[in-house]
Colleague: 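Here it is, the structure in full.
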Amino acid sequence: MLVGKNASQGIAIGRALVMRPQSINIETGHVSDVEREKVRFQNALNKSADEIRKLHEKVLSTLGSDKAQIFEAHLMILEDPELTDAITEKITTDKVKATKAVDDVAKGFIAMFEAMDQEYMRERALDIKDVTERILRNLLGIQVPDLSLLTMSVILVAHDITPSQMASIDLKCVLGIITEVGGKTSHTAIMARTLELPAVVGLRDATSSIHDSEYLIVDGEAGEVYPNPNADTIRIFEAKRERAIKAKQELMGLVGHPSKTQDGHEVFLEANIASAMDLDTVLRNDAQGVGLFRTEFIYMDRTTSPSEDEQFEIYRKVLERMAGKPTVIRTLDVGGDKNVSYLKIPKEDNPFLGFRAVRYCLRNPELFKTQLRALLRASIYGNLHIMYPMISSLHEVKECKRYLEEARSEVKARGLHVSETIKTGIMIEIPSAAVIADILAKHVDFFSIGTNDLIQYVCAVDRMNENVHDLYDPFHPAVLRLINQVIHEGHKAGIEVGMCGEMASNELLTEVLLGMGLTHFSMAPSGILRTRKKISNSSFSKAQKLAREVLKLGSSEEIKSFLA
Ligand code: PEP
Ligand code: MG
């Protein structure tokens, strides 16, 4: 048995598809048969074109025309005679191998595009890189499984799966995932939970200890992986999977019920989403709203920022489908582990302490206001709450509000309507904001506590670093005291306080948070009914007492054993 971190519950049983990083080695030396080398290049071109066409078709039918556009652009590059003729000519005149010719010509084109004045042209360099790397892989016979083109059911095993790769996963073919890096609050893990895809992360050496096509069992709840299980083990896990399906069916009986304690205290259980496509799961699990829409995923996996119109359509769709239920849409939270290459955030030594979220938006007002205008235009289609991430000071709150007002005037100047009842709030995920919660509360309509980041900053533990993962501790008294303080200050100022970090669905802490007075719990849709069950079995007055007791304890160990 191999042990990693339990990132997303569920049992997956199937064959492994191991994605090993492959290096591209450019061949040196001269060719004697130039014609043969040219044919080799042409074959690689044809194969690349085939792959791109298939990707285009697939993405068009699953993710829509916006996302598919990128592959149209790739095909145009691949078929551009300026590029292909230059490569063929290099093979002929310099008598070099096709990989060397592709590499040299690609470097020249990339440098030329990168030096151009218009941003749009500079961004084409990335597309050229992508296309020419595909040709190189095909020349060398390197196979890279395309996650959106899988045809059989597999368990993916990789060093890392990026959030944008996650977004392209075809759920009909991927049964589960295993990665070597990442913690439970990495965005890959968060997305796996939203997709209800069993996942084990931080399993060291997974790509070398698991063989391709090996039969595996992934237990996402325990964080365990069983390579080559015997018949008895398979039977045990099949039974466990059946039990989980049955338990889920039982929970479905809570659909339509309020989230109320036995003594009548009501709270709201909402969903975290990363795209409009998650809404089926959200509604199936009876979320009472969307407590967090991570809009950065709209910006990923493409070469330019989404336009105002494109964003407007997405926000409108989400608001319409939520049909008047509160819908918290968070402005762009890029940076950290969420990289959007065309935004050109410089490589940083400490990306989680760096140029992220509102810090980036406030320095790129046009990008920020484009999003704000799209949100304001969409506001008339539902119950919009706008939320700013990574707030660390009052100044930032004021700046966000200033840009929102500018965006509002711009939208209204076009004769368009904007809802008069939009609420604006902030994430409390940086200790400096938590400490001045009393001050910030006077300037916003709601707080949402982002424990994923708050814990990493309070405990000084990088949420992605598995070497210090045991120090990343939601039960740390400092974390719990700070959360209590934020809830208390928010309520004193008469504003709503919710939580949208992963801690909101931690069953061991549900009663403690309830007792502290938390009213809005936002989580992966799969956790909602489980939490509703927990709340309906609780008493608010007992939870308040429990919270008071827990806040007196001095260590995480004491708190855990007290709660157990
Ligand atoms: C958080 O930090 O708790 C949060 C919800 O935001 P993200 O996980 O996207 O950083
Ligand atoms: Mg965060």
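In each ligand, atom 1 is the first atom listed, and ligand 1 is the first ligand listed. Remember, it's a predicted structure, so these values are computed and weren't measured experimentally.
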Colleague: Please state which option from I455, N452, L454 has its nearest heavy atom closest to atom 3 (O) of ligand 1.
Modeller: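 Going through I455, N452, L454 one by one, N452 has the nearest heavy atom to atom 3 (O) of ligand 1.
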Colleague: Any chance NZ of K317 has more than 12 other-residue heavy atoms, nucleotides or ligands included, within less than 6.0 Å?
Modeller: no
Colleague: How is the N/O/S atom of D453 that comes nearest to the Mg ion (ligand 2) named?
Modeller: OD2
Colleague: Under a 4.0 angstrom heavy-atom cut-off, which atoms of ligand 1 come close to R294?
Modeller: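 The atoms of ligand 1 under 4.0 Å from a heavy atom of R294 are 4 (C), 5 (C), 6 (O), 7 (P), 8 (O), 9 (O).
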Colleague: Just to check, does Q456 reach to within less than 4.0 Å of ligand 1 when the distance is taken from its heavy atoms?
Modeller: no
Colleague: Considering non-hydrogen atoms of the protein only, which is the closest contact for atom 6 (O) of ligand 1, and what is the distance?
Modeller: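 Protein heavy atom at minimum distance: R330 NH1, 2.9 Å.
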Colleague: Does at least one non-hydrogen atom of M390 fall below 4.0 angstrom from an atom of ligand 1?
Modeller: no
Colleague: Looking only at heavy atoms, is any part of L292 under 4.0 Å from ligand 1, and if so is it the side chain, the backbone, or both, or is it neither?
Modeller: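 The part of L292 near ligand 1 is the side chain, not the backbone.
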Colleague: Which ligand 1 atoms, with their elements, are less than 4.0 angstrom from a heavy-atom of D453?
Modeller: 1 (C), 2 (O), 3 (O), 10 (O)
Colleague: Could you tell me if the side chain of I298 sits less than 4.5 Å from the side chain of S275, heavy atoms only?
Modeller: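 The answer is no; the side chains never approach within 4.5 Å.
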Colleague: Given that the side chain starts at C-beta and the backbone is N, CA, C, O, which of these parts of M503 lies under 4.0 Å from ligand 1, counting heavy atoms, or is it both or neither?
Modeller: neither
Colleague: Does E502 have a heavy atom less than 4.0 Å from any atom of ligand 1?
Modeller: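 No heavy atom of E502 comes that close to ligand 1.
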Colleague: Starting at CE of M390, measure out to CG of L353 and round the result to the nearest 0.5 Å.
Modeller: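 Rounded to the nearest 0.5 Å, the CE-CG separation comes to 8.0 Å.
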Colleague: Hey, which atoms in ligand 1 end up nearer than 4.0 Å to a heavy atom of E429?
Modeller: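 Checking each atom against E429, I get 1 (C), 2 (O), 6 (O).
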Colleague: Looking at C500, which atoms of ligand 1 are within less than 4.0 Å of one of its heavy atoms?
Modeller: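 Contacts of ligand 1 toward C500, numbered from 1: 5 (C).
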Colleague: So that I can check it, does any N, O or S atom in D333 come closer than 2.8 Å to the Mg ion (ligand 2)?
Modeller: no
Colleague: Give the numbers and elements of all ligand 1 atoms closer than 4.0 Å to a heavy atom of K338.
Modeller: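 Result: 9 (O).
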